[in-house]
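Here the structure comes first, spelled out in structure tokens, and everything after it is commentary.
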Amino acid sequence: MPPDFYARPILDLSRALIGCGLLVDGVGGVIVETEAYEAGDPASHSFAGPTARNRAMFGPGGHVYVYRIYGMHWCLNVVGGSAPGAAVLVRALEPTSGLETMAARRRMKDPRRLCAGPGRSCEALDVTRAHDGLSLGAPPFTLLPRPAEPRIVVGPRIGITKATDRPWRFGLAGSRFLSRPFPR
DNA sequence: CCGCTGATAATCT
DNA sequence: GATTATCAGCGGA
């Protein structure tokens, strides 16, 4: 993916990532769900400015921000290149490559739940703090362009307590691999 | 399908 | 010491 792919407003980048392929060491699938976070957004980790944890959010676009949540899961974000402190949370994938590897890591077979959530996706792709700050343009990552413009559904973000009314969650319309359904 | 509960630790106040 | 961008397992419908 060219570097200027990331240099657009974070809501646009969130939509542009839907349908793209995301692989880590050849294992992964198609991004079907994302959420946008940005500086000045009370729900964003970047809201209070740079810290040790969120420094990747203020780094170059096209790199990743990985953090631990609830003491046990990892979450993967794509950092935006248009403004500092903005990133896209990768919430769900449609598994396409390395199904057996992902099933073994997740200790489950059902493809529908393999990557249906940010924590589940990181476990399936074996993404950890070791990846924090790395570029998507180099191994072990691969980000593939989408074959066609997908139809996208929109809704409020999940699991947050602030700025809950912003419709900054995006999904591939009709996908069976979402973390949760979108409201009608 | 849906909602509830407990697990578990880094981060920040 | 409170909060947290979550998940598996369970029970009910």
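Chain letters run A, B, ... following the sequence lines, proteins first and then strands; every chain starts at 1.
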* A/R68 vs C/dT4: side-chain N/O to OP1/OP2 distance below 4.0 Å -> no
* About how many Å separate CZ of A/R91 and CG of A/N77, when rounded to the nearest 0.5 Å? -> 11.0 Å
* What is the distance from CH2 of A/W74 to P of C/dC7, rounded to the nearest Å? -> 15 Å
* So what does A/T161 touch, heavy atoms closer than 4.0 Å: a base, only the sugar-phosphate, or nothing? -> sugar-phosphate
* Quickly work out the A/H73 NE2 to B/dA10 P distance and round it to whole Å. => 15 Å
* Report the nucleotide, chosen from C/dA5, C/dA8, B/dC1, that has the shortest atom-to-atom distance to any side-chain atom of A/R112. => B/dC1
* Within this structure, what is the OH-to-P distance between A/Y70 and C/dA8, rounded to whole angstrom? -> 15 Å
* What is the base-pairing partner of C/dA5, counting Watson-Crick and G-U wobble geometry with both distances under 3.5 Å? -> none
* Structure fact -> With the side chain defined as heavy atoms from C-beta on, A/R120 is closest, among C/dT4, C/dA8, C/dA5, to C/dA8
* **Closest listed nucleotide, where the reference is the side chain of A/S44 and the choices are C/dT6, C/dA8, C/dA5** => C/dA5
* Structure fact -> Looking only at heavy atoms, the pair that brings A/T34 and A/V88 closest together is CB-CG1, 3.5 Å
* Asked: Can you tell me how far C1' of C/dA5 sits from CG of A/L89, to the nearest Å?
  -> 6 Å
* To do: Please state whether the phosphate of C/dT6, meaning OP1 or OP2, lies under 4.0 angstrom from any side-chain nitrogen or oxygen of A/R91.
  => yes
* Asked: With sugar-phosphate meaning primed atoms plus P, OP1 and OP2, does A/R169 contact a base, only sugar-phosphate, or nothing at under 4.0 Å between heavy atoms?
  -> nothing
Sub-3.5 Å pairs of nitrogen or oxygen atoms, protein against nucleotides 11-13 of chain B:
residue	atom	partner	partner atom	Å
B/dT11	OP1	A/R129	NH1	2.9
B/dC12	OP1	A/T51	OG1	2.7

* Any salt bridge between A/E123 and A/R105, counting N to O under 4.0 Å? -> no
* Structure fact -> To the nearest 0.5 Å, atom OG1 of A/T96 lies from atom CZ of A/F177 at 9.5 Å
* Structure fact -> Between A/Y65 and A/M108, the residue closer to the 5' end of DNA chain C by nearest nucleotide is A/Y65
* Asked: Using purine N1 to pyrimidine N3 plus N6-O4 or O6-N4 for Watson-Crick, or N1-O2 and O6-N3 for G-U wobble, both under 3.5 Å, which nucleotide pairs with C/dG12?
  -> B/dC1
* To do: Please say whether more than 12 non-hydrogen atoms of neighbouring residues, nucleotides or ligands are located less than 6.0 Å from CZ in A/R180.
  => no
* Counting heavy atoms from C-beta on, name the nucleotide in C/dT6, B/dT8, C/dT4 closest to the side chain of A/P118. => C/dT6
* Determine if A/Y67 stacks with C/dA5; use a centre-to-centre distance below 5.5 Å and an interplanar angle below 30° as the criteria. => no
* **Shortest side-chain distance from A/I69, nucleotide among B/dT8, C/dT6, B/dC2** => C/dT6
* **Rounded interatomic separation in angstrom, taking CZ from A/R113 and P from C/dC10** => 12 Å
* Rounded interatomic separation in angstrom, taking CD from A/E38 and C1' from C/dA5 -> 15 Å
* To do: Test A/R157 against every option in A/L89, A/T164, A/D41 by the side-chain contact (heavy atoms from CB on, under 4.5 Å) rule and name the one that passes.
  => A/D41
* Check whether A/V79 and A/F141 end up in the same hydrophobic cluster, where Ile, Leu, Val, Met, Phe, Trp and Tyr are linked by side-chain heavy atoms less than 4.5 Å apart. => no
* Structure fact -> ring-ring contact (aromatic ring centres under 6.0 Å, His included) with A/Y67: of A/H73, A/H131, A/H45, only one passes, and it is A/H45
* Asked: Between A/K162 and A/A116, which is nearer to the 5' end of DNA chain C once each is assigned its nearest nucleotide?
  -> A/K162
* To do: Round to the nearest Å and state the distance from A/L178 atom CG to C/dC7 atom P.
  => 13 Å
* Interatomic distance, A/R157 CZ vs C/dA5 C1' [rounded to whole Å] -> 8 Å
* Would you please confirm or rule out a distance under 4.0 Å between OP1 or OP2 of C/dA5 and any side-chain N or O of A/H45? => yes
